[in-house]
Participant: 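Attaching a single structure in C-alpha cells format; questions to follow.
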Amino acid sequence: MKRWNGWGDTAVHHPLPEKAGEFLVDLVGETTPPQDATLADAVATVPASRLPAHPLIQTDAETRLMHARGQSFPDWIALRSGQIGTFPDGVAFPQTEADVLTLLQLARSHDLKLIPYGGGTSVVGHINPEPGDRPVLTVNLQRLSRLTALDSTSQLATFGAGVAGPEMEAQLRAKGYTLGHFPQSFEYSTLGGWVATRSSGQQSRGYGRIEDLFAGGKLLAPAGDLILPPLPASAAGPDLRQLVLGSEGRLGIITEATVRISPLPERESFNAIFFPDFEAGKTAVRQMLQANLPLSMLRLSTGIETETTLKLAGHELLIGTLERLLSLRGVDENKSMLLIGFSGNRHIVNTARSEAVDMAKAHSGIHVGQQFGSQWQKGRFRTPYLRNVLWELGYGVDTLETAVTWNQVDATLNDIETSLKNAMAQFDEQLHVFTHLSHMYATGCSIYTTYLFRLAPDPELNLARWTAMKTAASQAIVRHGGTISHQHGVGRDHQPYLPAEKGSLGIHTLEAVARQFDPAGVMNPGVLVKG
Ligand SMILES: Cc1cc2nc3c(=O)[nH]c(=O)nc-3n(C[C@H](O)[C@H](O)[C@H](O)COP(=O)(O)OP(=O)(O)OC[C@H]3O[C@@H](n4cnc5c(N)ncnc54)[C@H](O)[C@@H]3O)c2cc1C
C-alpha cells in the first residue's frame, strides 16, 4: 500500500546504518522527532465535495486526501502535520480515451478545473489544487496503462500515458527491450508525467532524456485533439512535440505516448573511480564527454557528498579498508567519487570503460571496480525511503537542481550551497549541504544539491525556514544564468523564476498557447504560467 504522508510502499523500510545517527547529530545537532497527524485526523479535515455525482468520479475523503499533495518538502510538511488545506473535490480514474473526453466535457459544462495526475511524484507543487470557487477534479491516469503497439522494426512502443515505470519496463523487457528511462521516482512516476515535466532518467547519457525518447502521442485538450505522429525527424516547421513536453497539464491530457525503445543491453556495468579532489574529477569527466565516449551515466560527488555517502552507506569495515588503500595512493580527505555507467555489447562496454579509466588516471583517478557501482544500482530506487526514517528521527531533507555551462559550474555550485547555509543561519540552525554533478553534457551539466537540517516542532516554522532556503538558492541559480530546473519542472514553486529564463515575450507566448488549447482555463491553472 502507498504511504499517504511519505514516500513509497508501507511495507518497505530503509533503516539508517548504525553509526549514521551519531554522524547526523554531529552535523546539525540533537533532534526532537515531530508529532505527526494520523490518517484519521487528516481525513477528518476533508470538506464536502462540490462535484455533481458521476460514475467516473470518486468523492470519498481518503481518495481525495491521497491526491491532494505531491512529494515536495512543503507537501510533506502539510501531510505530516495534517494541515493540508485544499483538496480536490473528486478524483476520476478514466480507463479509455472516451472517458477522458467525457471528463473534459463535464469540466466545460460544470465550470470545473482539471488536474491531470500521473504518479503524484511532483516535487514542485504541480498537482496541488489551488483554493477558489471552482470545483477541482483530479484526473488520475494510471488506468490508461496498456502497451497498445510495439513496432520492433522501427523500435517504437505505444503505451497509455498513465503507465508507471516498473509496469512499463516489465512489458518491454518481456519482449527484449527497454526504454532506459530511470528517474529516481521510477517506482511511481508515469510516462505521461515524465513527458509533461521533461523528466531525465539516471542513464540519460546513454538513452537520452524523455524529450529524446518521446516520439509522438496524443493530447486531448479542451479546444481539440493534438495528434503527434512518431516521425523520425521533420523539417515541417516548429516541432509541436516540444509544446507537449513540459506542458505540466496546462494544455490538456496526454492519453498515449509513443516512445523510442532500445534492445536490452548485453552488458551493463556501473563502476566507481575516486579522484584526489572534485576539480580533478570535473576535468576528467569533461574530457570524457567532449571525447564523446559511449557512457550511460556519470555522477561526480563533491568531497562533502563523497564523505556523506560513505558514512551513510554502512559497511564500515569495507569502507575503512578502501579509504586506507586510497590514502596510500594520495586520494585522501578531499576525495571525490565518480560513479560511471556503461551499457551495450561486450565490446562497447569494455572499450569505453578502458578509455574512461585511462582518462581518469591522467587526473590521478583510481578505479576501484564495480562493487560500489553495483551497490548504487541495487539501491537506487530505495534511497528516497530514507526520507521517511529521517523525518521520523526529526530531520528534514530536500534537494534542488539546475543546469549550467561548464564555465559556470563552480561559481553556481558554491553560491547555491552558501545561500542555503546563510538562509538557515538566520534561524540559528546548522545546515548540512552537499552536491553532485549528474546528467552531464559536452557543454555543461546539471548540479544536484541535497540539504539536511533539523525539523522544528512547528510546521509553520519549518515552512518559513524551507521558503527562506528555497528562495535564496533559486535566486543564486538565476544570478548565474542557470535553468530554474534541469529535470523537476516548474510547477508552482519555480514559477516566479521562469521569466528570468524565458523573457517577457517567451512567457506571453506560453500564456497564449495555454489560452489557445484551453480558452476557459480548465487545465491545471496556476501551474507553469499564470495567465
Ligand atoms: C524521490 C523522488 C525522486 C525523483 N527523481 C527524479 C529524477 O531522477 N528525474 C526526474 O526527472 N524527476 C524526478 N523526480 C520528480 C518527478 O518524479 C518527475 O517530475 C516525474 O516526471 C513526475 O511524474 P508523475 O507521473 O509522478 O507526474 P505527477 O507528479 O502526477 O504530475 C506532474 C505534472 O505532470 C502533469 N501530468 C502528469 N500526467 C499527465 C498526463 N498524462 N497528461 C498531461 N499532464 C500530465 C501533471 O498535471 C503535473 O503538472 C523525483 C521525485 C521524487 C519524489
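In what follows, every heavy atom counts, from backbone to side chain, and hydrogens, waters and symmetry copies are set aside. Every number for a ligand or one of its atoms is a count from 1 in the order of the listing.
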Participant: Just by distance, do the side chain of Thr31 and the backbone of Pro33 share a donor-acceptor pair under 3.5 Å?
Facilitator: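 No, because the side chain of Thr31 does not come within donor-acceptor range (under 3.5 Å) of the backbone of Pro33.
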Participant: Would you mind listing every ring pair (Phe, Tyr, Trp, His ring centres under 6.0 Å) that reaches into residues 97-122, with sequence neighbours excluded?
Facilitator: His67-Tyr117
Participant: Could you work out, with salt bridge (charged side-chain N to carboxylate O under 4.0 Å, His left out) as the rule, every residue matching Arg64, not counting sequence neighbours?
Facilitator: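 Partners of Arg64 by the salt bridge (charged side-chain N to carboxylate O under 4.0 Å, His left out) criterion come out as none, since no residue qualifies.
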Participant: Taking all atoms of both residues into account, what is the closest heavy-atom pair of Pro129 and Pro88, and its distance?
Facilitator: CG-N, 3.5 Å
Participant: Does His488 have any ring-ring contact (aromatic ring centres under 6.0 Å, His included) partners at least two apart in sequence or in another chain, and if so, which?
Facilitator: none
Participant: At a 4.0 angstrom heavy-atom cut-off, what protein residues surround ligand 1?
Facilitator: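 Shell around ligand 1 (4.0 Å, heavy atoms): Trp7, Gln71, Pro116, Tyr117, Gly118, Gly119, Gly120, Thr121, Ser122, Val123, His126, Ile127, Leu141, Ala161, Pro183, Gln184, Ser185, Ser189, Thr190, Gly192, Gly193, Trp194, Ala196, Thr197, Ser199, Ser200, Glu248, Gly249, Gly252, Ile253, Ile254, Pro384, Gln487, His488, Asn524.
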Participant: Tell me whether the guanidinium CZ or amine NZ of Arg146 lies under 6.0 angstrom from the six-membered ring centre of Phe159 and within 45° of its axis.
Facilitator: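 The answer is no, since Arg146 fails at least one limit relative to Phe159.
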